[in-house]
Engineer: 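This is the structure I have questions about; it appears just below.
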2 protein chains.
Amino acid sequence: MLGLMQDRPLMISSLLEFAARHHRDAEIVSRRVEGDLHRYTYADAAARARRVANALDRLGLAFSDRVGTLAWNGYRHFELYFGVSGSGRVVHTINPRLAPDQVAWIANHAEDQVLCFDMSFLPVIKAIWSQCKTVKHWVALCEADALPADTGIAGLRSYEAWIGAESDTYAWPEFDEKSAAALCYTSGTTGHPKGVLYSHRSTLLHAYGGALPDALAMSARDAVLPVVPMFHVNAWGIPYSAAMTGAKLVFPGAALDGKSVYELIEAERVSFAAGVPTVWLMLLNHMRAGGLKFSTLKRTVIGGSACPPAMIRSFYVDYGVTVLHGWGMTEMSPLGTVCNMKLKQLELPLDAQLAIMGKQGRALYGVEMKIVDPEGQELPWDGQATGDLLVKGPWIMASYFKGEGGDPLVGGWFPTGDVAAIDPDGFMQITDRSKDVIKSGGEWISSIDIENIAMAHPAVAMAACIALPHPKWDERPLLVVVKKPGAVVSREEVIAFYEGKVAKWQVPDDVAFVDAIPLGATGKVQKNKLREQFKGHKLPGA
Amino acid sequence: MLGLMQDRPLMISSLLEFAARHHRDAEIVSRRVEGDLHRYTYADAAARARRVANALDRLGLAFSDRVGTLAWNGYRHFELYFGVSGSGRVVHTINPRLAPDQVAWIANHAEDQVLCFDMSFLPVIKAIWSQCKTVKHWVALCEADALPADTGIAGLRSYEAWIGAESDTYAWPEFDEKSAAALCYTSGTTGHPKGVLYSHRSTLLHAYGGALPDALAMSARDAVLPVVPMFHVNAWGIPYSAAMTGAKLVFPGAALDGKSVYELIEAERVSFAAGVPTVWLMLLNHMRAGGLKFSTLKRTVIGGSACPPAMIRSFYVDYGVTVLHGWGMTEMSPLGTVCNMKLKQLELPLDAQLAIMGKQGRALYGVEMKIVDPEGQELPWDGQATGDLLVKGPWIMASYFKGEGGDPLVGGWFPTGDVAAIDPDGFMQITDRSKDVIKSGGEWISSIDIENIAMAHPAVAMAACIALPHPKWDERPLLVVVKKPGAVVSREEVIAFYEGKVAKWQVPDDVAFVDAIPLGATGKVQKNKLREQFKGHKLPGA
């Protein structure tokens with residue numbers, strides 16, 4: 001027997017219409033590529049998203065056709081999120097930090113029909129437009145008069161001219177909530193990027209889960225700054241959760257340096273900001289240099305890669321900002337865990353709380369997780385046992401777009417490629433990526449543990465630990481270090497710094513000083529490149 | 001094209017299993033009918049809910065068969081919520097404050113196969129069991145040795161004996177998330193009660209919505225006291241939202257007097273409590289009499305009927321507790337609106353904030369609402385226009401159980417029977433029940449407005465306003481008042497109290513003093529009984 005409740009599909013369009021009706025004057029503030037601040041409201045955003053939907057109808061785009069974006073966080077990108085998905089098409093966010101050829105490859109693989117781009121990416125588009133076989137319409141996210149006449153790009157128009165002619169009323173369609181809504185490619189270390197195809201249902205459930213008090217805790221009392229890009233896993237779902245709750249949105253555009261981010265936080269009275277450690281490092285350095293404080297920021301969620309304990313402590317102790325360590329993946333929409341204290345932990349001493357905040361946190365309801373040994377046997381949640389981390393749930397991927405890579409699930413579970421421990425309270429801690437673990441003499445050394453210790457050394461700006469082959473131990477750790485400007489530190493001093501902090505056999509065998517560590521398009525250390533770079537490096541005693 | 005996300009149904013069983021895994025030692029504390037406190041954890045609750053599921057399998061109950069409950073808020077009731085729904089049956093909560101004949105009528109209409117009851121309701125069960133034709137199994141929620149031998153009830157057993165023999169492992173089934181999960185009857189003022197049949201999907205979406213920061217804001221840092229009964233609209237969904245978030249649960253059992261509730265809040269360090277105004281009135285009276293303060297309570301959600309402004313002020317100003325005024329209905333799972341401030345309102349002066357807190361609040365995402373005039377035309381959200389309030393959404397009813405009452409929807413919208421205004425910020429204020437509005441000379445007088453003013457008079461303990469027929473004005477208001485013990489106040493003084501507070505034509509024509517005002521089974525004033533009682537009352541000048 002079925003229940004007798006209303007049969008209403010979960011539709012992305014309803015999020016923005018809800019915000020426009022219930023939070024009509026809540027602000028959306030965007031730093032534009034031009035450098036100025038643009039301000040308007042949810043009511044304005046909804047009106048313009050409806051124009052986008054009408055414009056797509058006029059172009060004759062079919063249900064589920066893909067519309068690509070190559071854009072920073074800003075109000076036009078936000079309108080595309082809702083106008084494209086809401087009208088039944090698929091918004092396909094492309095990472096502009098990828099090489100132009102990769103952008104073209106992805107646009108072709110996704111069969112994008114329209115591609116909308118910020119003017120800062122015009123050089124990329126000029127370089128690739130002729131390779132993009134399926135794209136019929138190129139839309140520059142600018143005013144009509146900002147569009148250069150001589151780009152040579154066939155079918156190029158400005159966004160404002162394109163939607164300006166359309167009506168701002170639109171009857172959003174209702175359809176199967178499992179229909180495709182958004183597409184995001186994730187680049188593995190080998191092979192071509194693979195697409196993850198989100199549905200309206202998965203996006204809405206994720207928006208509910210992400211807004212919960214134990215996740216991002218979003219409400220109509222927040223001013224939210226998503227520094228995490230909208231081109232990368234939908235900015236952790238923040239545009240959707242913000243519309244669901246009526247939170248003020250503050251978009252940073254392309255200006256992610258410490259000064260710009262700090263000034264935006266202060267000027268727009270941001271209460272909550274989300275980003276990756278590399279961006280927060282720039283922010284903290286700027287603040288330290290200027291002796292600055294936050295006047296409104298209360299909490300920040302940090303994910304994308306593990307947040308160094310020193311950064312968590314600095315935010316919390318020096319600046320009074322609670323760090324919510326988070327973990328997720330493109331394949332997970334992306335939120336898996338967020339590190340929020342439990343009732344019984346609220347009165348723990350500072351160091352004990354900081355130790356908890358260093359973990360990636362607890363699963364949101366909607367994410368099931370387990371750790372398993374190499375034979376697939378589930379391991380206990382004792383905070384000690386480490387194993388491969390597997391997840392399942394309604395906002396976790398079942399397979400990649402077009403079936404690339406075959407069936408990724410193992411008995412219904414998605415293997416994350418992370419190695420983790422889970423404590424009895426359900427706090428999960430990533431100890432490594434499976435492929436980054438250093439396998440020394442039958443024991444595993446977590447490259448992240450080794451990096452976190454190095455990052456706490458006052459002379460170290462950045463550190464990465466990789467495995468090098470070793471004749472006796474199979475693999476041994478090499479630490480690659482970028483010094484802080486002007487800092488002086490020796491190999492021996494760095495190695496001595498590990499004394500008493502880890503077991504002797506876990507101490508790196510060698511330290512290599514470099515000017516820069518290669519970062520990928522999402523800000524993560526590219527360890528495959530480091531391994532390539534140090535392929536011939538000979539460890540002492542090896 | 002469909003998205004490529006995992007196809008996981010939303011199942012109530014997964015809520016409790018999530019809590020058992022991620023919040024295994026979070027507590028559930030219950031004041032038992034015996035008077036003592038029972039304590040255990042989510043892990044314990046899940047193990048016993050699995051026993052319930054096994055016990056129902058052993059009885060041979062079919063999918064969707066109904067299991068009735070007649071019980072206070074407590075751990076066994078909590079186990080039934082999950083064991084019954086999780087195993088595919090329907091938990092049917094019956095209001096024990098109804099007359100025994102009504103209980104029997106409802107059990108028969110629902111075709112309950114099993115009926116589980118607290119020992120305090122044994123007299124009711126003794127009186128009706130032979131009338132309940134479909135109930136094959138009677139389960140007293142007690143230990144085996146607490147069961148009297150001579151009840152005469154065929155097939156009676158104790159809950160502990162019933163589930164004690166079962167295994168605490170169980171493979172929860174997965175099935176269509178739109179399947180029926182819970183049934184609750186709502187008593188209108190005329191005719192038989194009608195059943196609302198919730199689904200797993202509606203319950204889960206409601207649990208997400210209800211836990212949001214702008215709704216009940218539930219997290220693993222809360223200790224939650226649902227004073228609102230589990231036999232009435234599933235205690236506003238708190239048992240589900242608590243399991244979803246790992247909040248500590250504190251169940252008050254049958255002891256709802258001010259002293260018992262206060263002591264439980266203090267002893268269990270409750271941070272959040274939910275209840276109806278009548279219960280909170282007892283609590284505040286107890287606290288005032290003893291000069292008591294709260295040491296942990298931070299917020300309370302008050303619904304079921306409008307909360308008098310004086311109570312909101314007292315909680316907020318005298319006791320530092322934020323009152324979240326809420327509104328909903330059995331037909332709405334029940335949450336529709338909760339009154340949480342917006343960003344721009346956080347720095348308003350106290351009186352302006354209190355004025356906002358007096359409204360029923362903003363819709364949760366998942367609830368669409370509108371107000372319409374008698375012709376069904378939508379009215380503006382200007383805070384002035386009042387009209388019939390209509391709602392729709394995935395946790396709002398489509399039709400009553402067995403189709404009783406026909407199709408209740410109007411163009412897809414459920415008419416709530418409430419009259420409301422909505423301000424430009426989306427804050428909704430109930431001005432009356434449609435049937436309680438006093439229609440005087442073509443104008444409407446809100447009975448709630450008139451009652452709220454009377455409730456602010458120091459001599460008035462309780463007040464209700466009803467329409468009496470009038471030869472000239474069609475209807476005019478009569479105010480019915482219960483004085484505070486020992487208070488002295490005259491009809492003229494009460495009428496004079498309205499001066500300057502409402503328009504002259506809105507002042508009641510007469511005041512009738514009574515010893516008690518009739519309350520229904522859910523604590524609401526029974527205005528139909530009052531209208532009956534004062535049918536012959538002659539208003540001055542009429």
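A, B, ... follow the sequence lines: proteins, then strands. Residue 1 opens every chain.
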Engineer: Could you check if a side-chain atom of B:Val196 sits within less than 4.5 angstrom of a side-chain atom of A:Leu4, using non-hydrogen atoms only?
Structural biologist: no
Engineer: Got A:Arg201 and B:Leu10 here, is their nearest side-chain heavy-atom distance under 4.5 Å?
Structural biologist: yes
Engineer: So which part of B:Met11 gets closer than 4.5 Å to some heavy atom of chain A, the side chain, the backbone, both or neither?
Structural biologist: backbone
Engineer: Heavy-atom pairs under 4.5 Å with chain A: which of B:His200, B:Lys248, B:Met218 has the most?
Structural biologist: B:Met218
Engineer: Picking from A:Gly426, A:Ala19, A:Ala181, A:Pro424, which has the most non-hydrogen pairs under 4.5 angstrom with chain B?
Structural biologist: A:Pro424
Engineer: Please give me the minimum heavy-atom distance between B:Met5 and A:Glu331, naming the atom from each residue.
Structural biologist: CE-O, 4.4 Å
Engineer: State plainly whether the residues B:Arg24 and A:Asp425 are in salt-bridge range, i.e. N to O under 4.0 Å.
Structural biologist: no
Engineer: Select one option (side chain, backbone, both, neither) describing which atoms of B:Arg66 are under 4.5 Å from chain A's heavy atoms.
Structural biologist: side chain
Engineer: Taking the side chain as every heavy atom from C-beta outward, state whether B:Lys370 and A:Arg21 have any atom pair closer than 4.5 Å.
Structural biologist: yes
Engineer: What are the two closest heavy atoms between A:Pro213 and B:Pro213, and how far apart are they?
Structural biologist: CD-CD, 3.8 Å
Engineer: Taking all non-hydrogen atoms of both residues into account, name the closest pair between A:Ala211 and B:Leu212 and its distance.
Structural biologist: CB-CD2, 3.7 Å
Engineer: Is it the side chain or the backbone of B:Phe414 that comes within 4.5 Å of chain A heavy atoms, both, or neither?
Structural biologist: both
Engineer: Do the non-hydrogen side-chain atoms of B:Leu205 and A:Leu204 ever get within less than 4.5 Å of each other?
Structural biologist: no
Engineer: Take B:His23 and A:Arg362 through the test side-chain contact (heavy atoms from CB on, under 4.5 Å) and record every step on the way to the result.
Structural biologist: CA-CA 10 Å; B:His23 304 279; A:Arg362 298 183 278 113; 3.2 Å; yes
Engineer: Quick one: closest heavy-atom pair of B:Asp214 and A:Ser219, and the distance?
Structural biologist: OD1-CB, 3.4 Å
Engineer: Sort out for me which of B:Ala220, B:Pro9, B:Ser199 touches chain A most, counting heavy-atom pairs under 4.5 Å.
Structural biologist: B:Ala220
Engineer: Please flag which part of A:Phe18 lies under 4.5 Å from any non-hydrogen atom of chain B: side chain, backbone, both or neither.
Structural biologist: side chain
Engineer: Once salt bridge (Lys or Arg N to Asp or Glu O under 4.0 Å) is applied, what residue pairs with a partner in residues 396-408 of chain B remain, sequence neighbours excluded?
Structural biologist: B:Glu111-B:Lys402
Engineer: Count the heavy-atom pairs under 4.5 Å between each of A:Gly393, A:Ser64, A:Ser202 and chain B, then report the option with the highest count.
Structural biologist: A:Gly393
Engineer: Chain A: which of B:Asp25, B:Ile422, B:Leu197, B:Val90 shares the most heavy-atom pairs with it under 4.5 Å?
Structural biologist: B:Leu197
Engineer: Pick from A:Leu15, A:Asp176, A:Asp222, A:Leu364: which one has the most heavy-atom pairs with chain B under 4.5 Å?
Structural biologist: A:Leu15
Engineer: Using heavy-atom distances under 4.5 Å, tell me whether B:Phe63 contacts chain A through its side chain, its backbone, both, or neither.
Structural biologist: side chain
Engineer: Can you classify the ring geometry of A:His22 versus B:Trp381 as parallel (below 30°), tilted (30 to 60°) or perpendicular (above 60°)?
Structural biologist: perpendicular
Engineer: In terms of heavy-atom proximity below 4.5 Å to chain A, should B:Gln345 be classed as side chain, backbone, both, or neither?
Structural biologist: neither
Engineer: A:Ser14: what forms a side-chain hydrogen bond (donor to acceptor under 3.5 Å, both in side chains) with it, not counting sequence neighbours?
Structural biologist: B:Tyr365
Engineer: Which residues in residues 335-344 of chain B have a heavy atom less than 4.5 Å from any heavy atom of chain A?
Structural biologist: B:Asn340, B:Met341, B:Lys342, B:Leu343, B:Lys344
Engineer: Closer than 3.5 angstrom, by distance alone: can the side chain of A:Gln6 be matched with the main-chain N or O of B:Pro394 as a donor-acceptor pair?
Structural biologist: no
Engineer: Side chain, backbone, both or neither: which part of B:Leu346 has a heavy atom under 4.5 Å from chain A?
Structural biologist: side chain
Engineer: Quick one: are B:Met1 and A:Phe401 in side-chain contact, heavy atoms under 4.5 Å?
Structural biologist: yes
Engineer: Can you list every salt bridge (Lys or Arg N to Asp or Glu O under 4.0 Å) pair that touches residues 4-17 of chain A, not counting sequence neighbours?
Structural biologist: A:Asp7-B:Lys178, A:Arg8-A:Glu174, A:Arg8-B:Glu368, A:Glu17-A:Arg50
